[in-house]
**Q** 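Before we start, here is the structure in question, set down as structure tokens.
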Amino acid sequence: NKRCAVSNKFTILIVDDESINISILAEILNSKYLIKVATNGKSALNVLATQEVDLILLDIVMPDMDGYEVAKHFKNDSTICDIPFIFLSAKSDSESVIKGKING
């Protein structure tokens with residue numbers, strides 16, 4: 001994995017449209033990881049085009065471009081397709097779980 005030049009910490013990109021979720025995750029993770037934030041799918045793709053990231057925490061339910069669509073972009077871009085990502089969601093229905101497995 002690539003590491004940020006100014007630190008030995010891994011960089012995590014949090015993608016979520018809810019600021020409270022970002023705040024909670026950042027508070028939990030920021031002591032051990034460098035945190036980057038995107039509040040929508042388009043912003044996430046812009047961050048990934050300009051910055052190195054080791055892991056993506058990706059919300060599923062977002063306006064305009066949901067997490068599934070963002071994941072498809074990740075997987076189809078050879079420059080970022082190897083970055084692991086984890087879907088984050090309160091959704092627990094069978095259809096969402098299956099769709100996450102297919103897109104993830």
Side-chain angles (χ1 to χ4, degrees):
N1 284 342
K2 301 170 190 164
R3 300 219 182 193
C4 182
V6 294
S7 172
N8 288 331
K9 293 181 178 182
F10 286 101
T11 301
I12 297 176
L13 172 61
I14 301 171
V15 184
D16 199 315
D17 63 318
E18 295 289 333
S19 60
I20 188 70
N21 295 342
I22 292 170
S23 296
I24 291 168
L25 287 167
E27 186 174 327
I28 292 168
L29 299 169
N30 72 8
S31 67
K32 296 191 181 214
Y33 303 96
L34 293 174
I35 304 298
K36 303 291 180 188
V37 172
T39 56
N40 59 55
K42 191 174 264 189
S43 286
L45 296 173
N46 289 336
V47 168
L48 293 168
T50 61
Q51 301 178 39
E52 291 184 2
V53 172
D54 297 295
L55 175 68
I56 303 161
L57 300 179
L58 178 59
D59 185 25
I60 292 175
V61 180
M62 295 184 292
D64 299 322
M65 185 186 298
D66 69 18
Y68 300 125
E69 188 175 348
V70 176
K72 285 180 188 177
H73 282 279
F74 293 162
K75 289 170 55 174
N76 292 325
D77 184 332
S78 63
T79 63
I80 58 175
C81 65
D82 290 334
I83 301 171
F85 64 92
I86 299 170
F87 281 125
L88 301 176
S89 183
K91 297 181 103 180
S92 61
D93 60 280
S94 303
E95 183 178 328
S96 295
V97 172
I98 291 167
K99 191 171 182 180
K101 287 181 180 182
I102 291 169
N103 290 298

**Q** The test is side-chain contact (heavy atoms from CB on, under 4.5 Å); show your working for Ile86 and Leu55 and say whether it passes.
**A** CA-CA 8 Å; Ile86 299 170; Leu55 175 68; 4.2 Å; yes
**Q** Locate the shortest heavy-atom distance separating Gly67 from Phe87; write the atom from each residue and the value.
**A**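 That would be O-CE2, 3.6 Å.
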**Q** Supply the atom-to-atom distance Lys36 NZ to Glu52 CD, rounded to the nearest 0.5 angstrom.
**A**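 Nearest 0.5 Å value for the NZ-CD distance: 10.5 Å.
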**Q** Would you name the heavy atoms of Ile12 and Tyr33 that are closest together and state the gap between them?
**A** CD1-CG, 3.6 Å
**Q** Holding to ring-ring contact (aromatic ring centres under 6.0 Å, His included), I want the full list of residues that pass it with Phe74, two or more places apart in sequence or in another chain.
**A**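 So Phe74 forms a ring-ring contact (aromatic ring centres under 6.0 Å, His included) with Phe85.
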**Q** Determine whether Leu48 and Val53 satisfy the following criterion, side-chain contact (heavy atoms from CB on, under 4.5 Å), listing intermediate values before the conclusion.
**A** CA-CA 7 Å; Leu48 293 168; Val53 172; 3.8 Å; yes
**Q** Scan the side chains in residues 13-24 for donor-acceptor partners under 3.5 Å anywhere in the protein, sequence neighbours excluded, and list what turns up.
**A**
from  : atom 1 : to    : atom 2 : distance (Å)
Asp16 : OD1    : Glu18 : N      : 2.8
Asp16 : OD2    : Asn21 : ND2    : 3.2
Ser23 : OG     : Ser19 : O      : 3.0

**Q** Side chains of Val70 and Asp59: closer than 4.5 Å at any heavy-atom pair?
**A** no
**Q** Sequence neighbours left out, what passes side chain to side chain contact (heavy atoms under 4.5 Å, CB included) with Asn30? Give chain and number order.
**A**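 Scan of Asn30 (side chain to side chain contact (heavy atoms under 4.5 Å, CB included), adjacent residues dropped) gives Ile35.
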**Q** Just jot down the side chain to side chain contact (heavy atoms under 4.5 Å, CB included) partners of Asp77, sequence neighbours excluded, or say none.
**A** Thr79, Ile80
**Q** With a 4.5 Å limit on heavy-atom distance, are the side chains of Lys9 and Lys32 in contact?
**A** no
**Q** Which distance, rounded to the nearest 0.5 Å, do you find between the CG of Leu88 and the CD1 of Ile56?
**A**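 Answer for the CG-CD1 pair, Leu88 versus Ile56, is 11.5 Å.
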**Q** Quick one: closest heavy-atom pair of Ile60 and Asp66, and the distance?
**A**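 So the two residues come closest at O-CB, 3.2 Å.
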**Q** Just do the side-chain hydrogen bond (donor to acceptor under 3.5 Å, both in side chains) check on Ser43 and Asn46 with the steps written out, would you?
**A** CA-CA 5 Å; Ser43 286; Asn46 289 336; 5.3 Å; no
**Q** Testing the basics here: between Cys81 and Lys75, what is the closest heavy-atom pair and its distance to 0.1 Å?
**A**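 Nearest heavy atoms, Cys81 then Lys75: CB-O, 3.7 Å.
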**Q** Using the rule given for side-chain contact (heavy atoms from CB on, under 4.5 Å), can you reason through Met65 versus Asn40, listing the C-alpha separation, both sets of side-chain angles and the distance that settles it, and then say yes or no?
**A** CA-CA 7 Å; Met65 185 186 298; Asn40 59 55; over 6 Å; no
